[in-house]
Amino acid sequence: MCGHCGCSSDKARLSAPWAPPALELKLDEGSLKLHQALLSGNDALAADNRRWLAEHRIHCVNLMGTPGAGKTTLLEATFKGAPQDWPHMAVLEGDQQTQNDARRIHAAGGQALQINTGTGCHLDAEMIKAGLDTLAPKPGSLLFVENVGNLVCPALFDLGETRRVAMMAVTDGEDKPEKYPHLFASCELVILNKCDLLPHLDFDLDKVKQGLDRLNPRTRLLQLSARTGQGLDAWFAWLAEGRHG
């Protein structure tokens, strides 16, 4: 998957279909040392980013999720539906190629900068630093980072963000939290998008809730539809709570 995060075949586990699920998120000592060595440079830059954001009173939300979960659609709806007294907002968009998402944010009235990662499957703190230098978000603003659509590597990289959000859609299937526990366990909010489609799908909402409870009981689940506007008031309330918290 990624040439920077330590993915390797020796970490793979083999198990039969009837084997109990592995819910242990702790790394063994060897893997922990490898992660620390690989991520120490990134973590130092992330600390610099966090310090810079705090000095400029910028609230930064790292939005991670599946490809097609509707992250850009949610940000478009956020720009279009924000209260009039809302602070200035900007987006750092992460994708391997194209400026499509940055163009969509610009068309929605927002300030955006695209970060193309080439073969990379995640954003890292150095990319965010370069993005901050170029985008120059206003002091006191709300900054979104739309990470590359991927439920694996983005979870490992601290960007210096203020808060983390995981996003999935009802069309992704209800077992994503259990299949990709590291990302969902690291976020304080999980957004379940495209809920307007629930009447037409065989989707087990309780299974999502149970999976999240096992991984991270403190995380909140927000059901919404970025397309219809369902649940957006709760999204704005969560954003405001963080800015004033």
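Residue numbers count from 1 along this sequence.
Under the salt bridge (charged side-chain N to carboxylate O under 4.0 Å, His left out) criterion, R103 pairs with no residue, sequence neighbours left out.
For the pair E126 (side chain) and L45 (backbone), a donor-acceptor distance under 3.5 Å is absent. A donor-acceptor pair under 3.5 Å is formed between the side chain of D124 and the backbone N or O of M127. Listed for the D172 side chain is a donor-acceptor partner under 3.5 Å among the backbone atoms of A169. Checking side-chain atoms of N49 against main-chain N and O of A125 turns up a donor-acceptor pair under 3.5 Å.
Residues L224 and L192 have side chains not in contact (no heavy-atom distance under 4.5 Å, counting atoms from C-beta outward). The shortest side-chain heavy-atom distance between V165 and C187 does not fall under the 4.5 Å cut-off.
Checked by atom type, the side-chain pair R104/T73 shows a donor-acceptor distance below 3.5 Å. In this structure, a donor-acceptor pair under 3.5 Å is present between the side chains of Q111 and H88.
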**OP:** Apply salt bridge (Lys or Arg N to Asp or Glu O under 4.0 Å) to the pair R50 and E55, showing each step before the final yes or no.
**Re:** CA-CA 9 Å; R50 187 172 290 106; E55 289 172 355; over 6 Å; no
**OP:** Show the numbers, then the answer: is there a side chain to side chain contact (heavy atoms under 4.5 Å, CB included) between L239 and F144?
**Re:** CA-CA 11 Å; L239 291 171; F144 297 98; 4.0 Å; yes
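V170 pairs in a side chain to side chain contact (heavy atoms under 4.5 Å, CB included) with only one of the listed residues (L205, N193, L197), which is L197.
When all heavy atoms are compared, the tightest approach of G140 to P87 is O-CB, 3.7 Å. What you find for A155 and R164 is that their closest heavy atoms are O-NH1, 3.0 Å. Nearest approach of P177 to L215, heavy atoms of both residues: O-CD1, 3.1 Å.
Using cut-offs of 30° and 60° for the angle between ring planes, the H122 and F157 rings count as parallel.
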Which donor-acceptor pairs under 3.5 Å do side chains of residues 90-98 form with protein atoms, sequence neighbours excluded?
from: Q96; atom 1: NE2; to: T119; atom 2: O; distance (Å): 3.1
from: Q96; atom 1: NE2; to: G120; atom 2: O; distance (Å): 3.0
from: T98; atom 1: OG1; to: N100; atom 2: N; distance (Å): 3.4

